[in-house]
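All of these numbers come straight from a predicted model, not from anything done at the bench.
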Amino acid sequence: MQKRAQVKQGVDKAKGTANKGADVAEQVTDSPWFRRAARAGYIANGVIHLVLGVIAWNLAFGGGGEQADQSGAVRTLSEQPFGMVLIWFCMLGAFMLGLWHVSEAIFAAMGRTTKDKSDRAKETVKGAGKAIAFFAIASTCITFAFGGDKDSGDEAQSLTATLMSNPAGAILLYAIGAGLVIAGGFYVYKGVSKKFEEDLKATSRKEISKAITVTGVIGHAAKGLVLAAVGLLFIVATAKNNPEESTGIDGALKAMLDQPFGQPLLAAVGAGLVLFGIYLFMRSAYDRMD
């Protein structure tokens, strides 16, 4: 009995320490400076998508040899006047927004945002996934900020080749591909249904509200098409047992160009990514961040 009481006392003490830590974290994330810094992450993401959209547009019309993915977008930024300033800004903004989503995941896991267990699991995974995405942007930016280089296509091929070396890895690749296709479909649905507006605060200015709606609908649809295309490449590469088929966003966009009506399709996707970037700029000002 005494041992059981000691264990219970230890568990209660650990819970109390965790709750105190969570209270401190909540105070930090609720502070105005942290929220402003985290909002900069949407601007950073918007810059990346805007540049990526321009690269895709140029690719559709036979111009430019830039890599059409996140790495290519950051590399293009680094070659512009004041490009390094932008890259450092994007790195810091993406990192802070990543921390914001980490706090979201932790608070959800602790039941601070919802008591429903299924909602807790969903919000925890959602927050963690978003945090990983923004930390990936920050990682790419910091590589270029310190004079390095990165090739997302090569990294995708390397990952695919490694996983293909065993049956369990192949199953995981199919799962990743299917997950990206589903995520792409959700982005399209979120855009067409205007569900993204639930993430934003209302504005009384009709011109801004209309701009958010237009850029959000088209931008989410374009983003969804790109994600779904990347997922299909993972599936095709695994089915053919050929890692070279898996080339990330760059390969997905170039694969679009090879399809019937590929040029107008890629041009439309490029324009959509530019609009998604503009939507993210506006989201930085109107996101709820509750």
State yes or no: do [X] and [Y] share one hydrophobic cluster built from I, L, V, M, F, W and Y residues joined by side-chain heavy-atom distances below 4.5 Å, directly or via other members?
X	Y	answer
V181	L225	no
L52	M282	yes
I212	Y189	no
F234	L163	yes
F276	L200	yes

With a 6.0 Å cut-off on the ring centroids, do [X] and [Y] count as close?
X	Y	result
F146	W88	yes
F134	F95	no
Y279	H220	yes

Check whether [X] reaches the backbone of [Y] with its side chain - one donor and one acceptor, N or O, closer than 3.5 Å.
X	Y	answer
R39	D287	yes
Q80	T76	yes
R288	E198	yes
T215	A211	yes
E104	G127	no

- Item | side-chain contact (heavy atoms from CB on, under 4.5 Å) between L77 and V51, worked out | CA-CA 8 Å; L77 274 180; V51 175; 4.1 Å; yes
Below 3.5 Å, can you tabulate the donor-acceptor pairs from side chains in residues 201-210 to any protein atom, sequence neighbours excluded?
| unit_1 | atom_1 | unit_2 | atom_2 | d |
| --- | --- | --- | --- | --- |
| T203 | OG1 | R205 | N | 3.2 |
| R205 | NE | E207 | OE2 | 3.2 |
| R205 | NH2 | E207 | OE2 | 3.4 |

Looking only at heavy atoms, which two atoms of [X] and [Y] are closest? And how far apart?
X	Y	answer
I249	D69	CB-CB, 3.8 Å
G251	L233	C-CD1, 3.6 Å
C141	C90	SG-CB, 3.8 Å
A40	F89	CB-CZ, 3.9 Å
I48	A73	O-CB, 3.8 Å
A222	L273	CB-N, 3.9 Å

Less than 4.5 Å apart, any side-chain heavy atom of [X] and any of [Y]?
X	Y	answer
F281	V47	yes
L280	I43	no
M256	V269	yes
F186	L227	no
L99	F34	yes
M96	W33	yes
V74	S78	no

- Report the C-alpha distance between V274 and H49 in whole Å, list the side-chain angles of each, state the deciding distance to 0.1 Å, and finish with yes or no for side-chain contact (heavy atoms from CB on, under 4.5 Å). CA-CA 6 Å; V274 169; H49 279 86; over 6 Å; no
- Message: For the OG1 atom of T213 and the CD1 atom of I218, what is their distance to the nearest 0.5 Å?
- Response: 11.0 Å
- CA sep, side-chain torsions, deciding dist, call: V226, K223, side-chain contact (heavy atoms from CB on, under 4.5 Å): CA-CA 5 Å; V226 172; K223 173 81 171 182; 5.8 Å; no
- Query: Which of these, D250, N45, T140, sits in a side chain to side chain donor-acceptor pair (under 3.5 Å) with Q70?
  - Reply: T140
- Query: Only one of K130, K194, K190 forms a salt bridge (Lys or Arg N to Asp or Glu O under 4.0 Å) with D199, so which one is it?
  - Reply: K190
- Message: Pairing donors with acceptors under 3.5 angstrom, does anything connect the side chains of H101 and K126?
- Response: no
- Would you please name every residue forming a side-chain contact (heavy atoms from CB on, under 4.5 Å) with A271, sequence neighbours left out? W57
- Message: Please evaluate residues F135 and V102 with respect to the criterion side-chain contact (heavy atoms from CB on, under 4.5 Å), reporting the C-alpha separation (whole Å), side-chain torsions for both, the decisive distance (0.1 Å), and the verdict.
- Response: CA-CA 10 Å; F135 286 148; V102 166; 3.7 Å; yes
